[in-house]
K.L.:
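I have a structure I would like to understand better, so I am pasting it below and will then ask my questions one at a time.
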Amino acid sequence: MALTNLPGPFDYNSTRNKLLLTEYGRNVQNMVKYIVALPTKEERNKYAQVVIDLMGFLNPHLRDVADFKHKLWDHLHIISDFQLDVDSPYPKPSPEAIHLKPEPLKYPHQRIRYKHYGKTIEMMIEKAKSIEEPDRKRHMVQAIANFMKMAYVQWNKDSVADDLILSDLYALSGGTLKLEENINLNRVEFRTNNNNQNNNNTRGRTNNNNQNNRGGGGSGGRTNNNNNPRNNNNQNNRNRNNGGAKKY
């Protein structure tokens, strides 16, 4: 049997107009499209305020923004494709300002000679080279050397000789910063985190204590049953009856 009443054309999302702001949905976009087609400006202002309230209800997270109402009115103009003619309390945004792309970030392209020391060491060395007071400069250079040793151990996790640190310091400073050869830098050691092992040991001791407490509780239960006055009276009565029967 042939079908006579065929359905109309199906309405798929792929055949609809593109959503300009997907967070508000298609219903809001259809309402804005309806407002744009209204003949009088008074009606457009009235319905635009209703849509603004609805947009704020659909996106409550925008209430935390300082210019909450301003952002909603900007979104209203964007949804209308900048064709809505209403008396907005805020200036109408321009399409050029909306689609303006920010400038790309400028990443530093600096060459670090010894990457395990980092760029900070090189900046500290340049600062130490400009110090004129001898005592202050010597303390500054020694502090830099100790910091270099700590950074070296963080990457290598092995012991490092002080002569190597002093040699790298001399090379990084271009031969201007130098310490005595017999100087002893601060001792730096790499230690692993033993918190997990300590927690496991503590957990094991706690479990043993709990088991001991439960065992003690069982013994205590048996002791309490023996010391119960009701049980003792029943036992005495049985003994008395048995003794009377033996007398007769």
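Throughout, numbering of the chain's residues begins at 1 and tracks the sequence.
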K.L.:
Looking at CD1 of I125 and CE of M140, how far apart are the two atoms once the value is rounded to the nearest 0.5 Å?
P.N.:
9.5 Å
K.L.:
For the residue pair A145 and I165, what are the closest heavy atoms and their distance?
P.N.:
O-CG2, 3.5 Å
K.L.:
Which atom names give the shortest non-hydrogen contact between Y114 and A171, and what distance separates them?
P.N.:
OH-CB, 4.1 Å
K.L.:
If you take all heavy atoms of N45 and D87, which pair is closest and at what distance?
P.N.:
OD1-N, 2.9 Å
K.L.:
Counting distance only, does the side-chain N/O of R44 pair as donor-acceptor with the main-chain N or O of L84 below 3.5 Å?
P.N.:
no
K.L.:
Can you find a pair of side-chain heavy atoms, one from L54 and one from M31, that are under 4.5 Å apart?
P.N.:
yes
K.L.:
Quick one: are the ring centres of Y90 and H70 less than 6.0 Å apart?
P.N.:
yes
K.L.:
How many angstroms lie between atom OG of S88 and atom CD1 of I52, to the nearest 0.5 angstrom?
P.N.:
7.5 Å
K.L.:
How close do I131 and K137 get, counting heavy atoms only, and between which atoms?
P.N.:
O-CD, 3.4 Å
K.L.:
Given K33 and N17, is the side chain to side chain contact (heavy atoms under 4.5 Å, CB included) satisfied, shown in steps?
P.N.:
CA-CA 11 Å; K33 183 179 179 180; N17 296 330; 4.1 Å; yes
K.L.:
Grouping I, L, V, M, F, W and Y whenever their side-chain heavy atoms are under 4.5 Å apart, do F68 and V51 come out in a common cluster?
P.N.:
yes
K.L.:
Examine the side chains of H75 and Y24 and answer whether a donor and an acceptor come within less than 3.5 Å of each other.
P.N.:
yes
K.L.:
Would you say Q29 and L21 make side-chain contact, with heavy atoms under 4.5 Å?
P.N.:
no
K.L.:
Before you tell me yes or no, could you show the steps for K41 and V86 under side chain to side chain contact (heavy atoms under 4.5 Å, CB included), namely the whole-Å CA-CA distance, both residues' side-chain angles and the distance that decides it to 0.1 Å?
P.N.:
CA-CA 6 Å; K41 197 171 187 179; V86 292; 5.6 Å; no
K.L.:
What is the distance from atom NZ of K149 to atom CG of L166, rounded to the nearest 0.5 Å?
P.N.:
9.5 Å
K.L.:
Are the side chains of Y170 and L177 in contact, using a 4.5 Å heavy-atom criterion?
P.N.:
no
K.L.:
Are D135 and E133 side-chain neighbours, meaning at least one heavy-atom pair lies under 4.5 Å?
P.N.:
no
K.L.:
Would you say that more than 12 heavy atoms from the other residues, nucleotides or ligands in this model lie under 6.0 Å from the CD of E43, or not?
P.N.:
yes
K.L.:
Is there a donor-acceptor pair closer than 3.5 Å between any side-chain N or O of E122 and the backbone N or O of R113?
P.N.:
yes
K.L.:
Counting only heavy atoms from other residues, nucleotides and ligands, does the tally under 6.0 Å from NZ of K129 exceed 12?
P.N.:
yes
K.L.:
Quick one, R26 and R16 - any side-chain contact, counting heavy atoms below 4.5 Å?
P.N.:
yes
K.L.:
Looking at CD1 of I121 and NE2 of H116, how far apart are the two atoms once the value is rounded to the nearest 0.5 Å?
P.N.:
10.0 Å
K.L.:
CG of L164 to CE of M148: how many Å apart, nearest 0.5 Å?
P.N.:
8.0 Å
K.L.:
Using atom types as modelled and distance alone, determine if a side-chain donor or acceptor of T176 lies under 3.5 Å from a backbone N or O of S173.
P.N.:
yes
K.L.:
Verify, without hydrogens or angle tests, whether K92 (side chain) and F82 (backbone) share a donor-acceptor contact under 3.5 angstrom.
P.N.:
yes
K.L.:
Is any side-chain heavy atom of T120 closer than 4.5 Å to one of M124?
P.N.:
yes
K.L.:
In terms of hydrophobic clusters joined by side-chain contacts under 4.5 Å, are I78 and Y34 together?
P.N.:
yes
K.L.:
Looking only at heavy atoms, which two atoms of L20 and I79 are closest? And how far apart?
P.N.:
CD1-O, 3.1 Å
K.L.:
Could you pull out the closest heavy-atom pair between M55 and L76, with the gap in Å?
P.N.:
CE-N, 3.9 Å
K.L.:
Can you tell me how far apart CZ (R138) and CG (L179) are? Round to the nearest 0.5 Å.
P.N.:
9.0 Å
K.L.:
Side-chain contact test, heavy atoms from C-beta onward, threshold under 4.5 Å: evaluate it for D53 versus F57 and give yes or no.
P.N.:
no
K.L.:
Whether the D168 and Y117 side chains hold a donor-acceptor pair (N or O, under 3.5 Å, no angle test) is what I'd like checked.
P.N.:
yes
K.L.:
Does a side-chain heavy-atom distance below 4.5 Å link V141 with K178?
P.N.:
no
